[in-house]
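Worksheet: the structure to be examined is printed underneath.
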Amino acid sequence: MDIDARINRRRNRDDSPRLVREYEALSPVAHIDEPSDRGPVFEELLDHLDPVFDGRLPPNAYVYGPPGSGKSAIVTALFARLSRLSTGTRSVIHTNTRAATTTTPQFVYVDRRETASEFAFYHDVLAGLVDEPVPEHGVSTADLRSRLHERLGSARTGVVVAIDHVDEPAGGDDLISLLAGLPSNVSWLAVGRADPGDVAVSAYTATVVRVAPYQRQMLVDVLMTRASEGLARQALDHDLARRIADWADGDAHDALAVLFVAADRAREADGGRIDEADVDAAIAETPQPCVSLGRVLGLPTNKQLVLRALVDLEEADRASVAATTEAISSVPTIDLSPGTVKRFLYEMAENGIIERVESEARDGKGRPPSRIELRFPPSAFRRLYDLQT
DNA sequence: GATCCACGGGAATACACGGATG
DNA sequence: CATCCGTGTATTCCCGTGGATC
């Protein structure tokens, strides 16, 4: 725990005992340092990365698994550790004298959720490699790419780049050509949901690693661990954790989202612990399938602003895209034009953040309108968004 | 002056329906 | 009866502009 967290804990003890001690530990978008029970997958990945420990580059790889199976948690945890090992080439402040560290390849993690464009991709890879800030404006994409080549041309050992969420976003630049633009001493590890047979990158990989969904007991453990980190003692009954795990059917994201919503609901009700009604309500507001909250919170600022207004609307205001547009545009905090709000709604529906369901009420005239429905639990987004700002 | 990208705005296209037409 | 047409909405697509930054 860092100092801020320690101080905050003291500051927040006014109306103790607090049910929610630490939203961060509870958040479905945060990954903890030590994903539990994933030993075999770590071993498989380390087998693949093994050449690294001799100072060589591993081949390209594809890691895949269903939503909420812990792909991102595993890869981020692993890359965080590995990049700590290889800081020898860029940092002078290290006490360890093992010469081997200076010849270890570097590790960079980029997330396509935040790195959709070609420019952003090369920017983030480069930023992961150098200590000095990389400009985000005023420099061309081609320029950025050549800086990257320049930087790596002199490197002895190369870089391993993890690219998470390769099958999102739908509208991003073609991944294959982005990868082709990387220097030759870069090896990549793509992470996605699709089966290797259905995804173009797998044609360029030597290794494929599958991440299986969480088994029931593992998911219960995940929930109990999070509860003990983020909630007051004894706040989550083991039976309720099992109930959530059963419902989530192996998807850790959805399970954690339910826990988060239930905890927030219990806190609002001044409950000292999460009860069954909290869990029921949380499950009821979590759609299936549920889009990743990480994706929602990775959206551009103004799209999130629109969503923030959307989750507060009455059902009547969501009866059609036109009505929803009007309702959102009249919210004082929104200074976007109605046209833009509407376009955002259509775009987000296209990307599965929200859903348009065509109304069956035909009134004879024109094409029937679509009602807007959320693909994520609204109170989870509301809380996470408000904490962020 | 260059660059990226979010916005704004509007044109083009799709769809549903009732009524006219062959 | 099958098809086309006109009207009114909904939806998609596209591109120019401007703010922020280097």
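Proteins get letters first, then strands, A, B, ... in listed order; numbering begins at 1 in each. Every heavy atom of this structure was used, including side-chain atoms; hydrogens, water molecules and symmetry mates were not.
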Practice item. Take A:K342 and A:E347, find for each the nucleotide of DNA chain C with the closest heavy atom, and name the residue whose nucleotide sits nearer the 5' end. Key: A:K342

Practice item. Determine whether A:Q388 and A:L384 make a side-chain contact, defined as any pair of heavy atoms from C-beta on separated by less than 4.5 Å. Key: no

Point to revise | Residue list, salt bridge (charged side-chain N to carboxylate O under 4.0 Å, His left out) with A:K71, at least two apart or on another chain | key: none

Practice item. Name the nucleic acid region contacted by A:T301, choosing base, sugar-phosphate or nothing; use a 4.0 angstrom heavy-atom cut-off, strictly under. Key: nothing

Any N/O pairs under 3.5 Å between the protein and nucleotides 9-14 of chain B? List them or say none.
{"residue": "B:dA14", "atom": "N3", "partner": "A:R367", "partner atom": "NH1", "Å": "3.3"}

Check your understanding: Expressed in angstrom and rounded to an integer, what is the separation of A:R371 atom CZ from C:dA10 atom C1'?
Key -> 16 Å

Practice item. Please determine if a side-chain N or O atom of A:R356 lies less than 4.0 Å away from the OP1 or OP2 oxygen of B:dC15. Key: no

Check your understanding: Going by the ring pair (Phe, Tyr, Trp, His ring centres under 6.0 Å) test, which pairs reach into residues 265-309 of chain A, not counting sequence neighbours?
Key -> none

Exercise for review: For A:R343, check side chain to side chain donor-acceptor pair (under 3.5 Å) against everything at least two apart and list the hits.
Suggested key: A:E347

Check your understanding: Looking at A:Y346, does any N or O in its side chain come under 4.0 Å of the phosphate oxygens OP1/OP2 on C:dT12?
Key -> no

Check your understanding: So, are A:R216 and A:D246 salt-bridged, with charged N and O less than 4.0 Å apart?
Key -> yes

Exercise for review: Give the rounded distance in Å between these two atoms: CG of A:L345 and P of C:dT11.
Suggested key: 11 Å

Would you list the protein and nucleotides 17-22 of chain C atom pairs, both N or O, that sit under 3.5 Å from each other?
{"residue": "C:dC22", "atom": "O4'", "partner": "A:H137", "partner atom": "O", "Å": "3.3"}

Study note, to complete from the structure: Rounded to whole Å, CD of A:E350 lies from C1' of C:dT12 at a distance of 8 Å

Check your understanding: Rounded to whole angstroms, how far apart are CZ on A:F344 and P on B:dG8?
Key -> 7 Å

Exercise for review: Kindly say if A:S117 contacts the phosphate of B:dC4, meaning a side-chain N or O under 4.0 Å from OP1 or OP2.
Suggested key: no

Review point. Taking only residues two or more places apart in sequence or in another chain, which ones pass ring-ring contact (aromatic ring centres under 6.0 Å, His included) with A:F260?
Key: A:Y23

Study note, to complete from the structure: Separation of C:dT11 atom P from A:M348 atom CE, nearest Å, is 14 Å

Point to revise | Results of side-chain contact (heavy atoms from CB on, under 4.5 Å) for A:P196 - residues two or more places apart only | key: A:Y62, A:Y64, A:S202, A:V208

Revision key, fill the gap. Sorted by chain and number, sequence neighbours left out, side-chain contact (heavy atoms from CB on, under 4.5 Å) with A:A263 holds for A:V20, A:L26, A:L231, A:I274

Practice item. Report the residues that fulfil salt bridge (charged side-chain N to carboxylate O under 4.0 Å, His left out) with A:D239, sequence neighbours left out, ordered by chain and then residue number. Key: A:R242

Practice item. Send over the distance from A:L144 CG to B:dC5 P, rounded to a whole Å. Key: 10 Å

Practice item. Please report, rounded to the nearest Å, how far the P atom of B:dT3 is from the CZ atom of A:R145. Key: 14 Å

Check your understanding: Considering only heavy atoms, which members of residues 312-321 of chain A lie under 4.0 Å from some atom of DNA chain B?
Key -> none

Check your understanding: Between A:L336 (CG) and B:dC5 (P), how many Å, whole number?
Key -> 19 Å

Review point. Is the closest side-chain heavy-atom distance between A:I353 and A:R375 below 4.5 Å?
Key: no

Revision key, fill the gap. Sequence neighbours excluded, the answer for salt bridge (charged side-chain N to carboxylate O under 4.0 Å, His left out) partners of A:E136 is none

Study note, to complete from the structure: Across all chains, not counting sequence neighbours, the salt bridge (charged side-chain N to carboxylate O under 4.0 Å, His left out) partners of A:D278 are A:R265

